Protein chains: 2
Amino acid sequence: MRNNTLGSLIWLRLMRFTNQSNQMSNDFLKRFDLTTAQFDVLMQISIYQPLTQMELAEKVTVTQGGISRMLVRLENEGYIVRKQDWKTKTISLTAKAVSILEQAMPEQLAFQTSFFDDVLNEEEQTTLYTLMTRVHKHSQKKELPPE
Amino acid sequence: MRNNTLGSLIWLRLMRFTNQSNQMSNDFLKRFDLTTAQFDVLMQISIYQPLTQMELAEKVTVTQGGISRMLVRLENEGYIVRKQDWKTKTISLTAKAVSILEQAMPEQLAFQTSFFDDVLNEEEQTTLYTLMTRVHKHSQKKELPPE
DNA sequence: CAATATCAATTGATTAGTCAAGCTAGAAGA
DNA sequence: TCTTCTAGCTTGACTAATCAATTGATATTG
């Protein structure tokens with residue numbers, strides 16, 4: 001029954017790895033009272049602020065509904081402010097979020113980096129990045145096969 | 001503010017890709033009335049059945065709580081049967097699940113494979129698989145950095 | 001034999017997300 | 001000006017997961 005292709009093995013590997021490292025990252029970020037998803041969203045806001053919810057949703061590849069709920073939580077925690085600007089809501093970070101990010105960002109970057117630095121040299125990392133970039137870019141313009 | 005390392009770029013790429021391809025896979029599997037997570041679980045059961053919930057949880061890297069809820073759904077849909085064996089519950093597939101898997105498995109495998117076959121040659125796929133395997137295996141024995 | 005320890009599975013509260021239907025406010029047409 | 005359209009956001013119902021506390025069933029100990 002198991003006639004796996006190389007591609008399907010890569011796929012599973014990627015899924016298991018991201019799943020696992022995501023959990024570890026959640027664990028790590030507990031010291032800053034953040035989850036990986038929240039950190040990701042706050043980072044994107046900090047880079048592109050001020051921006052609308054639609055724009056943000058696209059950056060983190062989440063639906064409008066998903067970003068709406070996430071922002072409600074972040075707003076309740078006092079990390080962001082939204083103000084109705086015209087018919088759009090513009091998002092920006094609070095001082096609290098800025099100061100937490102300042103601490104958390106370098107540490108989280110180092111944490112992410114350590115997954116690769118520990119086992120791959122620079123050349124191998126460049127190769128991995130190049131290959132994954134090609135795969136990712138391709139997937140973005142991929143169509144669903146016909147039924 | 002953006003002094004990203006190569007590792008952190010790889011990390012983000014992996015997260016975005018798996019996130020996206022997972023959604024596409026969900027979309028694809030709708031024709032079989034399955035989600036990616038359900039397909040994954042059913043596949044593992046089909047390979048290792050009969051097995052306990054703990055064992056299954058480990059195979060798909062989910063907590064006991066997570067697998068418990070997932071199995072309730074799969075049981076309600078008539079895909080699996082659980083029977084209390086001693087103090088453990090043993091899981092096995094129903095005929096319905098077997099026949100659906102028989103159809104869905106080759107198609108899902110082809111679908112996964114196409115993410116890579118379309119843009120990477122055999123050698124590149126082998127390289128990608130090797131690198132990711134090293135990264136994944138390393139992450140499994142990784143410890144959380146001290147506070 | 002009754003009390004307790006142990007291990008598997010379930011469950012309540014929460015985060016995170018999807019889809020699709022419903023609001024809401026400003027823009028445009030009659 | 002008043003209705004209609006539309007873009008952006010929210011929300012209800014659901015899948016999927018986590019953690020931590022609880023339940024259930026057997027095994028062990030006093």
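Given the structure is predicted, the values throughout are model-derived calculations rather than measurements. Order of the sequence lines fixes the chain letters, A, B, ..., with proteins taken first and strands second; residue numbering starts at 1 for each chain.
For A/Thr36, the side chain to side chain contact (heavy atoms under 4.5 Å, CB included) partners at least two apart in sequence or on another chain are A/Asn22, A/Ser25, A/Asn26, A/Leu29, B/Trp11. For A/Ser99, there are no side chain to side chain contact (heavy atoms under 4.5 Å, CB included) partners, not counting sequence neighbours. Scanning for side chain to side chain contact (heavy atoms under 4.5 Å, CB included) contacts around B/Glu75 gives B/Ile80, B/Arg82, with sequence neighbours left out.
For residues 131-140 of chain A, the side-chain hydrogen bond (donor to acceptor under 3.5 Å, both in side chains) pairs, not counting sequence neighbours, are A/Thr133-B/Arg13, A/Arg134-B/Glu124, A/His136-B/Arg13, A/His138-B/Asp118.
Proximity of the aromatic rings of A/Phe32 and A/Phe39 is defined here by a centroid distance below 6.0 angstrom, and this criterion is not met.
Here the P atom of nucleotide D/dT18 and the CG atom of A/Leu29 are 17 Å apart, to the nearest Å. Following rounding to the nearest Å, B/Met54 (CE) and C/dT6 (C1') show an atom-to-atom distance of 13 Å. Rounding to whole angstrom units, CZ of residue B/Phe39 and C1' of D/dT15 are separated by 18 Å.
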Letter per nucleotide, 5' to 3', of nucleotides 10-18 of chain C [B base touched, S only sugar-phosphate touched, - untouched; heavy atoms, 4.0 Å]: BBBB-SBBB
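Within the 4.5 Å cutoff, the side chain of A/Lys83 has no heavy atoms near those of the A/Pro50 side chain.
A pairwise comparison of heavy atoms in A/Asn19 and B/Val60 identifies ND2-O, 4.1 Å as the closest pair.
Below 30°, between 30° and 60°, or above 60°: for A/Phe17 and A/Phe116 the angle between ring planes is above 60°, a perpendicular geometry.
Computed from C1' positions of five pairs at each end, the angle between the two local axes of the helix from C/dC1-D/dG30 to C/dA30-D/dT1 equals 30°, rounded to 10 degrees.
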